[in-house]
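Working notes for the structure below.
Residues: numbered from 1 along the sequence shown. It should be emphasised that the depicted structure is a prediction, and the values quoted were computed from it without experimental measurement.
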Amino acid sequence: MVPTGFDIVVIALVIFVILVLFAGVKTVPQGYRYTMERFGRYTRTLEPGLNLILPFIEKIGARMNVMEQVLNVPTQEVITKDNASVSADAVTFFQVLNAAQAAYQVSNLENAILNLTMTNIRSVMGSMDLDELLSNRDTINERLLRVVDEAVGPWGIKVTRVEIKDIQPPKDLVDAMARQMKAEREKRALVLEAEGARNAQILRAEGAKQAAILQAEGQREAAFRNAEARERLAEAEAKATHMVSQAIADGDVQAINYFVAQRYTEALSAIGSAPNSKVVLMPMEASAILGSLGGIGALAREVFGDGGNAERPARQTNARTTPPINPLSPHRGS
């Protein structure tokens, strides 16, 4: 069967409709926005997914990436406020918020952001001293972010971060800074050493002071206790003397012999125990000592003996008729 002209027209019309349908369906990937132009004029923005347009009337203008993008800022020379020359580079993160403004408000978007960032790096870093520049990198990043973000706002762009990657001073300046840092550290070490020596001397002085105070307190306590001991000894001696005097007043001669013999024995003990005494010459008779010891024994029998009460009158009578032996008066033998 030979197709007629009508059949050919119908087939051509069907193919045209299919082509028109394919031309009117547009797919936008995630993370992108397409601007739509009708006869060269912006009309709307296509969102991610399937979109329908009017073929031959509308067309896609710009395909904008709305994901966050990274832009490297090349190294550039910067003159600081104190006339020091440094090299600095940076990195800028930005994101397209309005595809139409980014497409139609500025030409060559990335180049515009790059030049704007470089210009502001010179302005911000040039207003600071070198020491401030090296120690306040966070402040520089914050000022750059604020200035650049405000400048690109009309373009539908949001600058999220501006980071200074590296700051390189000249080599001679780096060497001078190293020497300065070494001198500062040596000075700090000397100051710390001096402070340590001073604190050690203060602590030693405090320790000596406390030791002296404690020693004085100990000496005072020892003197007080020695005085108390001497006072008690004196009271005991006074009491013993009073008792001997009372015994003498009562006519007990044996008490005198006991008292004198005790003193005599203590004197002999002191002489014999002296460290510088090697030989002791005693021009006295041993019978005197024995007599004294006999008197002590008689007194002990009188005090502690069983028949002391019964024999007391006789002993008192003998004491009156027999003279006491005085150990302090050695007598010659006949």
Side-chain angles (χ1 to χ4, degrees), residues 1-76 88-124 140-166:
M1 179 179 178
V2 180
T4 61
F6 180 76
D7 295 334
I8 295 174
V9 172
V10 171
I11 293 172
L13 185 60
V14 170
I15 294 174
F16 178 75
V17 171
I18 294 173
L19 292 176
V20 169
L21 291 176
F22 274 105
V25 176
K26 297 296 180 182
T27 302
V28 180
Q30 184 66 37
Y32 284 84
R33 300 291 187 274
Y34 292 175
T35 60
M36 186 59 57
E37 298 177 354
R38 181 178 299 174
F39 301 114
R41 183 175 182 273
Y42 168 77
T43 56
R44 58 194 175 96
T45 301
L46 300 182
E47 299 294 331
L50 189 64
N51 295 271
L52 297 177
I53 65 173
L54 298 176
F56 312 112
I57 299 176
E58 295 179 339
K59 68 174 183 177
I60 295 176
R63 293 175 172 85
M64 302 303 299
N65 186 353
V66 296
M67 295 181 289
E68 188 170 2
Q69 303 175 61
V70 182
L71 186 62
N72 288 318
V73 180
T75 303
Q76 57 181 332
D89 57 354
V91 59
T92 303
F93 297 84
F94 68 95
Q95 185 177 13
V96 177
L97 299 181
N98 192 316
Q101 291 180 349
Y104 301 109
Q105 294 291 334
V106 61
S107 177
N108 198 348
L109 178 63
E110 292 187 359
N111 189 38
I113 297 175
L114 177 62
N115 283 278
L116 184 62
T117 304
M118 293 175 65
T119 303
N120 284 280
I121 286 175
R122 294 192 188 97
S123 300
V124 173
I140 298 173
N141 294 336
E142 182 182 355
R143 292 177 60 182
L144 285 173
L145 176 61
R146 184 175 65 253
V147 174
V148 175
D149 183 58
E150 183 180 356
V152 301
W155 302 343
I157 305 297
K158 173 64 178 178
V159 177
T160 57
R161 288 189 300 275
V162 178
E163 300 287 341
I164 298 296
K165 291 196 298 183
D166 193 14

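- The shortest distance between side-chain heavy atoms of Val91 and Leu71 does not fall below 4.5 Å.
- Side-chain atoms of Phe94 and Val148, non-hydrogen and from C-beta on, never get closer than 4.5 Å to each other.
- Counting only heavy atoms from C-beta outward, the side chains of Lys165 and Val73 never approach each other to under 4.5 Å.
- Under 3.5 Å, the side chains of Thr43 and Glu58 contain no donor-acceptor pair of N or O atoms.
- Once rounded to the nearest 0.5 Å, the distance linking NZ of Lys26 with NZ of Lys59 reads 12.0 Å.
- Once rounded to the nearest 0.5 Å, the distance linking OG1 of Thr75 with CE of Met118 reads 9.0 Å.
- Proximity of Thr117 to Val159: side-chain heavy atoms (C-beta onward) are nowhere separated by under 4.5 Å.
- The shortest distance between side-chain heavy atoms of Leu109 and Val96 falls below 4.5 Å.
- Two residues are said to be in side-chain contact when any heavy atoms from C-beta on lie closer than 4.5 Å; Thr92 and Val162 meet this criterion.
- Geometrically, Arg161 engages Phe93 in a cation-pi contact defined by less than 6.0 Å to the ring centre and at most 45° from the axis.
- From Arg146, atom CZ reaches atom CD of Glu150 across 8.5 Å, with rounding to the nearest 0.5 Å.
- Aromatic ring orientation, Phe16 versus Phe56: parallel (interplanar angle below 30°, classes split at 30° and 60°).
- Between Ile121 and Ile164, the closest side-chain pair of non-hydrogen atoms falls below 4.5 Å.
- Heavy-atom neighbours of Tyr32 OH from other residues, nucleotides or ligands within 6.0 Å: at or below the threshold of 12.
- Other residues, nucleotides and ligands place more than 12 heavy atoms under 6.0 Å from the CD atom of Glu47.
- Asp149 places a side-chain heavy atom less than 4.5 Å from the side chain of Lys158.
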